[in-house]
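What you see below is based on every heavy atom in this structure, not just the backbone, and it leaves out hydrogens, waters and symmetry mates.
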Amino acid sequence: MISYVRGELAAVEEEKAIVDVGGIGYGVYMPQQALSLLPPAGNEVKLYTYLNVREDAMQLFGFLTRDDLEVFKLVIGVSGIGPKGGLNILSCMSPDALRFAIMSGDAKAISAAPGIGKKTAEKLILELRDKMDIETVLDHAAHGNEGSILADRGSDSGIQAEAVQALVALGYGSSESMRAVKKTSPECATVEEILKEALKYLF
């Protein structure tokens with residue numbers, strides 16, 4: 001098992017990064033979003049990896065954080081979704097967006113990934129929903145990866161969680177609910193105040 005690779009980024013191709021480790025070039029398949037965040041060639045990188053062994057090939061799948069790797073492992077643990085399918089999902093949406101799609105039952109967002117049909121998306125939601133809770137998911141979004149849409153309001157994660165849940169219950173998608181909550185004023189101190197303002201951005 002190769003837990004991670006660290007070395008010089010030699011090149012970035014369409015689907016993978018080439019990492020030079022001690023003179024050996026490792027081809028590491030990565031989500032498109034992660035590939036776009038890599039530094040210029042020549043810089044050192046560390047990628048957390050999953051080794052997929054098949055009869056005809058050995059493939060490395062890499063991620064920028066250990067958390068992203070764990071999400072990938074959860075996804076490919078669902079029967080019917082292989083490493084390529086998991087990579088397609090995480091190329092279309094960030095791990096945090098996937099978490100919210102699972103929590104809110106947004107099969108449409110997940111099935112937008114190439115090769116992932118509606119039934120497969122629904123199965124993924126069914127099998128993984130119990131492994132996540134909204135407070136943990138939102139707290140991760142607030143304090144975790146750089147660029148999270150709720151990163152600037154982390155201290156209100158509990159209130160935001162309730163607001164997002166309420167909007168999803170009203171029929172709005174998880175992603176648009178998060179964006180609307182993010183746009184509300186920091187002065188909104190209660191769930192009701194956040195909802196009242198967030199709904200203005202959704203109409």
Side-chain angles (χ1 to χ4, degrees), residues 31-34 36-37 63-75 77-78 81 85-114 116-203:
Q32 289 299 321
Q33 292 184 11
S36 68
L37 295 174
F63 303 88
L64 298 177
T65 69
R66 189 176 285 108
D67 180 70
D68 291 354
L69 172 60
E70 292 307 315
V71 172
F72 175 75
K73 288 181 178 178
L74 284 175
V75 171
V78 176
I81 302 180
L87 204 66
N88 286 341
I89 292 174
L90 292 174
S91 288
C92 291
M93 57 201 315
S94 69
D96 285 336
L98 176 59
R99 286 183 174 100
F100 273 90
I102 291 171
M103 289 298 301
S104 64
D106 192 352
K108 183 178 179 180
I110 298 172
S111 62
I116 304 298
K118 183 180 178 182
K119 289 185 177 180
T120 300
E122 290 173 344
K123 187 174 185 180
L124 185 148
I125 290 169
L126 182 65
E127 293 191 21
L128 298 186
R129 179 179 280 171
D130 291 342
K131 297 181 180 181
M132 302 178 183
D133 67 85
I134 189 66
E135 288 290 345
T136 300
V137 169
L138 190 58
D139 185 67
H140 182 274
H143 299 90
N145 296 337
E146 182 179 357
S148 169
I149 63 177
L150 294 179
D152 57 339
R153 295 186 62 184
S155 60
D156 302 323
S157 62
I159 294 176
Q160 291 177 59
E162 292 184 46
V164 171
Q165 282 183 312
L167 291 172
V168 170
L170 291 173
Y172 296 101
S174 58
S175 296
E176 63 180 339
S177 296
M178 287 183 64
R179 292 191 182 94
V181 168
K182 193 261 182 182
K183 291 179 181 178
T184 59
S185 170
E187 297 179 0
C188 294
T190 66
V191 174
E192 290 74 17
E193 290 175 352
I194 291 177
L195 285 175
K196 185 176 180 181
E197 191 167 326
L199 285 170
K200 295 179 182 178
Y201 299 106
L202 291 169
F203 287 141

Which heavy atom of [X] sits nearest a heavy atom of [Y], and at what distance?
| X | Y | value |
| --- | --- | --- |
| Ile125 | Ala101 | CD1-O, 4.2 Å |
| Val78 | Lys123 | CG1-CG, 4.2 Å |
| Ile89 | Ala113 | CA-CB, 3.7 Å |
| Ala163 | Val181 | CB-CG2, 4.1 Å |
| Leu87 | Phe72 | N-CE1, 3.8 Å |
| Pro95 | Val71 | CB-CG2, 4.1 Å |

Just how far is it from atom [atom1] of [X] to atom [atom2] of [Y], taken to the nearest 0.5 Å?
| X | Y | atom1 | atom2 | value |
| --- | --- | --- | --- | --- |
| Ile81 | Glu127 | CD1 | CD | 8.0 Å |
| Glu187 | Glu193 | CD | CD | 9.5 Å |
| Asp106 | Met93 | CG | CE | 7.0 Å |
| Thr184 | Lys200 | OG1 | NZ | 11.0 Å |
| Lys131 | Leu128 | NZ | CG | 5.5 Å |

Is there a side-chain contact between [X] and [Y], using heavy atoms and a 4.5 Å cut-off?
| X | Y | result |
| --- | --- | --- |
| Leu98 | Val75 | yes |
| Leu195 | Glu162 | no |
| Leu167 | Leu202 | yes |
| Pro31 | Ser94 | no |

Is the backbone N or O of [Y] less than 3.5 Å from a side-chain atom of [X], with the two atoms forming a donor-acceptor pair by type?
| X | Y | answer |
| --- | --- | --- |
| Ser91 | Gln32 | yes |
| Thr120 | Ile116 | no |
| Glu197 | Cys188 | no |

